[in-house]
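Proteins come first, then strands; the chains are lettered A, B, ... in the order of their sequence lines, and each starts at number 1.
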Protein chains: 2
Amino acid sequence: MVEQNPEHLDNIFRALADPTRREMLRRLSRGGQRVSDLAEPFAMSLAGASKHLKVLEKAGLVRRRVQGRTHWCELEAARLAEVHEWLAYYKRFWSRSLDALEAALKAEDEAAKATQNKEES
Amino acid sequence: MVEQNPEHLDNIFRALADPTRREMLRRLSRGGQRVSDLAEPFAMSLAGASKHLKVLEKAGLVRRRVQGRTHWCELEAARLAEVHEWLAYYKRFWSRSLDALEAALKAEDEAAKATQNKEES
DNA sequence: ATTTTGTTCAACCATATGGTTGATTATAGT
DNA sequence: ACTATAATCAACCATATGGTTGAACAAAAT
């Protein structure tokens, strides 16, 4: 329940706070890729993409296997489970507010129906 | 399935990538607080804490109600649901790898048992 | 042996971030 | 009217971030 490894979560959240890196994760989820393949879709130098990769690696979200001169990258999704865990605590709060939203919508709907009924009668 | 509002997620993840801000959220989850109360537990100036709050607000994670000279802050957990949604896509991957981990541990265990048996015999 | 390929490294740049302090503003209390 | 309180704002500082380019390095291909 207590936050045990804040630095670690820092790294993970920071890594996720960039659209390029999130897109890289998405692509890695469809299968391992070499660094240059991973970098190719982005309007950015290879060195730039390589830096992003390092951020993902440092966060533990990507694993790299060096094979000769090519580096194979793979998604390490297990670390995302930590985010999920962190988030779990808050689930009740947003479901509560979503419930409230739902209730409000329902009430609105009822009110609308009532108005309709009045109009009909 | 596609990432519709990357900037928004950027703001949320960035806001979460700091232990002070995560702690603020945690405290807000136990009830609304005035800015100065929120700031008090941290070894930091009020202005510093106020900046953190602004980051949380910009991310939509905190709502503020100004009442006279005091500002009341409340958790806006609904935005965390977006993180949850983003995360949902990856759930299968980490449960897969956790399964793999489990299998590996089991195999290790079996191997250990086999060794023990050998040693016993 | 030379060249090409895959990748990182180092240096640099502009901007963002996390913090400070001192001034400012607006409301509340005396 | 004065003073104290709640909070932001503005200016500043050090460091981090996201990007670039050019050089370096190791492995493959010719």
### Task
Sort and list the pairs that fulfil ring-ring contact (aromatic ring centres under 6.0 Å, His included) and have at least one residue in residues 10-31 of chain B, not counting sequence neighbours.
B:Phe13-B:Trp86
### Query
Of the nucleotides D:dA6, C:dG6, D:dG22, which one has an atom closest to the side chain of A:Ala47?
D:dG22
Taking distance alone, no hydrogens or angles, what donor-acceptor pairs closer than 3.5 Å link side-chain atoms of residues 41-55 of chain A to residues at least two apart or in another chain?
{"from": "A:Ser45", "atom 1": "OG", "to": "A:Gly48", "atom 2": "N", "distance (Å)": "3.0"}
{"from": "A:His52", "atom 1": "ND1", "to": "A:Arg21", "atom 2": "NH1", "distance (Å)": "3.1"}

### Message
Does a side-chain N or O of B:Ser50 approach OP1 or OP2 of D:dC9 to a distance below 4.0 Å, or not?
### Response
no
### Query
How long is the line joining CE of A:Met44 and C1' of D:dT20, in whole Å?
11 Å
### Task
Indicate whether OP1 or OP2 belonging to D:dA6 is found under 4.0 Å from a side-chain N or O atom of B:His71.
no
### Query
Looking at residues at least two apart in the chain, or sitting in another chain, which of them share a side-chain contact (heavy atoms from CB on, under 4.5 Å) with A:Arg34?
A:Ser36, A:Asp37, A:Thr70, A:Trp72
## Note on the structure
Heavy-atom nearest nucleotide on DNA chain D taken for A:Arg14 and for B:Trp72; more 5' hit belongs to B:Trp72
### Message
Taking A:Ser29's backbone N and O only, do any of them form a donor-acceptor pair with B:Tyr89's side chain (distance below 3.5 Å, no angle check)?
### Response
no
### Message
If you apply the rule side chain to side chain contact (heavy atoms under 4.5 Å, CB included), what do you find for B:Leu61 with B:Leu16, and how did you get there?
### Response
CA-CA 9 Å; B:Leu61 293 167; B:Leu16 297 179; 3.9 Å; yes
All N/O pairs under 3.5 Å across the protein-nucleotides 23-29 of chain C interface:
{"from": "C:dT27", "atom 1": "O2", "to": "B:Arg69", "atom 2": "NH1", "distance (Å)": "2.8"}
{"from": "C:dA28", "atom 1": "O4'", "to": "B:Arg69", "atom 2": "NH1", "distance (Å)": "3.2"}
{"from": "C:dA28", "atom 1": "O4'", "to": "B:Arg69", "atom 2": "NH2", "distance (Å)": "3.3"}

### Message
Counting only side-chain nitrogens and oxygens, does B:Arg34 get under 4.0 Å of the OP1 or OP2 atom of D:dT5?
### Response
no
### Query
Can you tell me how far P of C:dG6 sits from CD of A:Gln33, to the nearest Å?
14 Å
### Query
Think A:Ser45 has a side-chain N or O under 4.0 angstrom from the OP1 or OP2 of D:dT20?
yes
### Query
Less than 4.0 Å between a side-chain N and a carboxylate O, is that true for A:Asp10 and B:Arg22?
yes
### Message
Nearest to the side chain of B:Val35, heavy atoms from C-beta on, is which of C:dG18, C:dT20, D:dT8?
### Response
D:dT8
### Task
Please determine which of B:Glu74, B:His71, B:Glu76 meets the side chain to side chain donor-acceptor pair (under 3.5 Å) test together with B:Arg64.
B:His71
### Partner set under salt bridge (Lys or Arg N to Asp or Glu O under 4.0 Å) for B:Glu40, not counting sequence neighbours
none
## Note on the structure
Expected list for residues 51-61 of chain A near DNA chain D, using heavy atoms below 4.0 Å, is A:Lys51, A:His52
### Query
So, do A:Trp94 and B:His84 sit near enough that their side-chain heavy atoms are less than 4.5 Å apart?
yes
### Message
Need to verify one output field. Residue with the more 5' nearest nucleotide on DNA chain C, A:Leu46 or B:Asp18?
### Response
A:Leu46
